[in-house]
Amino acid sequence: MIFIVFDCGGRFRYLLQVREPMARSWNRSWPALLALLLALAPFSNIQASDDDLTVVGMDVTVELRPEQGLISETARLTLQGSSGPVVRFRLNRGLQVERSRAGSGSIRHSQTGDTVSVTLIPPLQDEQRTITLELAGRPRAHGDDRVNGNGAVLGGVDHWIPTLPRTAAVARREVVAPPHWVVLASGEPQPAGKAGTHRFRSRRPVRSLGLAAGPALVRTDASIARTPLRVAGSGDQVAEELAPLFSDPLTWLSGTVAPYPFEGVNLAFVPGLERTVHAGGFIAVPADRPVNGKADGGELLSPLWFGEYLAGDGPWMDGLAAWQAVTYALDRGQGMPARIGSLRDRYLSMSQNRDVAIRRADRETPEAVVRGKGSAAWEMVRAACGNRHFRDRLDELAATGLGGPVRLEDLRSRFAAGTSEPVEAVFEDWFDRTGLPALTTELNTVPTSRDEWRTDLSIRQQGKPYTLALEVVFHGAGQIHRETVRIDRE
């Protein structure tokens, strides 16, 4: 019997307006000429962009108004580094900045779509400056309101706080919610203020902030691997009962990837939520989603490293998180995490007109592509370059921590460097193309004179070939034999 295992498990320029007419006499015109020269200096000397600027502090007050599906928010952001005159923040399209002010200098803003352009005068020059943006509106994601009468959920992908690509911020939050609502957010709960006010603080830097709130939530607390576990859910979701499902994967991921980077794990089960939402130390899960084993716990925790601690320039990082969750589960003998297995099955049945190359995926791309096929894509990269090389490259990635988003092209080059294996071709096959390989096999067995069997296996690809490393497992009478077969043609 034979089994073929294919289980892949900007730069800115500006010119200040010169109002002094350059005419009549040198005595009148030299101040204008000097001003012009100073204004032109940024063309050649100031090369700063948003990539040179980091959000190092966030002090956010948000009021939930579920009757209207609205929020009102004041975000006080501390910026560190250098900038051009215009800094572009990303913000949920349903929110509108109404007022802006700066701790020093002057500020004005404009907004188009999900981009808020903030003009800072003067620009930052290797310094720290605080700006305040007041905004309001109806945050939406995947066509759904994030705030309604049943509750509220806001996470990193919602961009409910104006965000920059580089964010490593200590943070304070004050959430104003209707009476009797329970609120759980990123960070450590702080002593409450007046009724309906909930405060949280993140002393360790975070990339994004999340919160969940609702009238039917009940909060319980426990501890996992010396890390606080706070759970907000129905009476059926209790921290003490969930702790054993999260303790082992938290320990394993902390030892394999990097020490857990946040103060605690804050987990909310939210009615009506369609997709799981992550932020710094925060997870919001659909209320009807079962968490039955350690594999499910690992699958929920992994994006806190691959997505929140480390960030990518696209949703492909979600696929790496899913791959890491599969690796943990298989290492612990847990089998495939149920959610990832379901997403892989869904991808196999997906219509071609919904498929998207992983490199071109966005936040509207189906999870079956990003996390289903995506988890298999990273396994094929590992199979191509080998365990040691793959793990060394992941360790280098983990060492970057809360830096700017990693470009997939840079990561591709990093994995391809230092090996003669066809890693570039594997990336092209699995990240730049849609679909999956189509294989046919032919098996012949011939008895030998020693009362044994010789097995001949032929594997062929249909259509444009992939560069593949396939693990072939031969099961005989009391024997198991494994081979890795590499193919790159029909």
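The figures here come from the full heavy-atom set of this structure, side chains too, leaving out hydrogens, waters and symmetry mates. This chain uses plain numbering: 1 for the first residue, then up along the sequence.
- Separating the CZ atom in R433 from the CD1 atom in I358 is a distance of 12.5 Å, to the nearest 0.5 Å.
- To the nearest 0.5 angstrom, L310 atom CG is 8.0 Å from L402 atom CG.
- With D331 contributing its side chain and T327 its backbone, the two residues share no donor-acceptor pair below 3.5 Å.
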*List the steps, then state whether salt bridge (Lys or Arg N to Asp or Glu O under 4.0 Å) holds for E299 with R371.*
CA-CA 11 Å; E299 189 258 326; R371 303 184 68 236; 2.4 Å; yes
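- Qualifying salt bridge (charged side-chain N to carboxylate O under 4.0 Å, His left out) partners for D114, counting only residues two or more places apart in sequence or in other chains: R90.
- Residues satisfying the side chain to side chain donor-acceptor pair (under 3.5 Å) test with N444, not counting sequence neighbours, are none.
- A donor-acceptor pair under 3.5 Å links the side-chain atoms of T251 to the main chain of S247, judged by distance alone.
- Tested against D410 for a side-chain hydrogen bond (donor to acceptor under 3.5 Å, both in side chains), the candidates R407, R412, R414 yield a single pass: R407.
- Within the structure, ring-ring contact (aromatic ring centres under 6.0 Å, His included) contacts touching residues 230-265 (residues at least two apart or in different chains) are W252-Y328, Y260-F262, Y260-W305.
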*Between S458 and R460, is a side-chain hydrogen bond (donor to acceptor under 3.5 Å, both in side chains) present by the stated rule, with each step listed?*
CA-CA 7 Å; S458 174; R460 291 184 174 86; 3.0 Å; yes
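- In summary, R219 and D221 engage in a salt bridge, as defined by a charged side-chain N under 4.0 Å from a carboxylate O.
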_Is there a ring-ring contact (aromatic ring centres under 6.0 Å, His included) between W378 and F306? Walk through the geometry before answering._
CA-CA 13 Å; W378 285 105; F306 295 97; 9.0 Å; no
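- Salt bridge R388/D392: present, at least one basic N to carboxylate O contact under 4.0 Å.
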*Just do the side-chain hydrogen bond (donor to acceptor under 3.5 Å, both in side chains) check on R382 and N387 with the steps written out, would you?*
CA-CA 6 Å; R382 184 208 61 79; N387 285 329; 2.5 Å; yes
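- Screening R339, R354, R346, K373 for a salt bridge (Lys or Arg N to Asp or Glu O under 4.0 Å) with E367, the sole residue that qualifies is R339.
- Comment: R201 does not engage E263 in a salt bridge, judged by the lack of any side-chain N to carboxylate O separation of less than 4.0 angstrom.
- N148 places a side-chain N or O within 3.5 Å of a backbone atom of G151 that can act as its donor or acceptor partner.
- Classified by interplanar angle (parallel below 30°, tilted 30° to 60°, perpendicular above 60°), the ring pair F415/H389 is perpendicular.
- For the salt bridge (charged side-chain N to carboxylate O under 4.0 Å, His left out) condition, the pairs that include at least one residue of residues 300-321, sequence neighbours left out, are D318-R363.
- Listed by chain and residue number, R203 satisfy the salt bridge (charged side-chain N to carboxylate O under 4.0 Å, His left out) test with E188 (two or more places apart in sequence, or in another chain).
- Applying the salt bridge (charged side-chain N to carboxylate O under 4.0 Å, His left out) criterion to R360, with sequence neighbours excluded, gives no partner residue.
- Checked against the 6.0 Å centroid criterion, the rings of F390 and W323 qualify as a close aromatic pair.
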